[in-house]
Amino acid sequence: MNVLAGGETYEFKALFTKVFERLKLKNAVSGGEEMLRLRSYEKILKLTNCGLVQKIGKTYRALEGIETASSVHRLARLDSAILAAQSSKV
């Protein structure tokens, strides 16, 4: 999602290459390249079906709201909800 959130349009192969390179830099590649390619394709299809990514021909482009779907954003919302719940108990 972070790659797409940059606002550029990518074909799947170029998008996967960018994602794969970033994961290799973080030593976060496990399960092999083909398995990662399949998981990436499933994720991009899910984002397309949710209306967060637009597919035009063979290219993909992020739409408004993609940032809200990232795990970092969800964790921040969860943290704020926990803090609010804790402060209301006091």
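One-based numbering along the sequence shown. Given the structure is predicted, the values throughout are model-derived calculations rather than measurements.
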#### Entry: K18 vs Y10 side-chain heavy atoms within contact, under 4.5 Å
yes
T9 and Y60, any side-chain heavy atoms less than 4.5 Å apart:
no
So the salt bridge (charged side-chain N to carboxylate O under 4.0 Å, His left out) pairs with at least one residue in residues 26-37 (sequence neighbours excluded) are E33-R37, E34-R37
- prompt: Is it true that L63 and V53 fall in one hydrophobic cluster, defined by side-chain heavy atoms closer than 4.5 Å?
  reply: no
Residue pairs passing the ring pair (Phe, Tyr, Trp, His ring centres under 6.0 Å) test with at least one member in residues 14-38, sequence neighbours excluded, are F16-F20
So salt bridge (charged side-chain N to carboxylate O under 4.0 Å, His left out) across residues 2-14, not counting sequence neighbours, yields none
Sequence neighbours excluded, the answer for salt bridge (Lys or Arg N to Asp or Glu O under 4.0 Å) partners of E21 is K24
| query | According to a 4.5 Å side-chain heavy-atom criterion applied to Ile, Leu, Val, Met, Phe, Trp and Tyr, with indirect links allowed, do F12 and L45 form part of one hydrophobic cluster? | reply | yes
Contacts of Q54 meeting side-chain hydrogen bond (donor to acceptor under 3.5 Å, both in side chains) (sequence neighbours excluded), chain-then-number -> R61
Sorted by chain and number, sequence neighbours left out, side-chain hydrogen bond (donor to acceptor under 3.5 Å, both in side chains) with K46 holds for none
Hydrophobic cluster membership, with links at side-chain heavy-atom distances under 4.5 Å among I/L/V/M/F/W/Y: are L15 and L38 in one? no
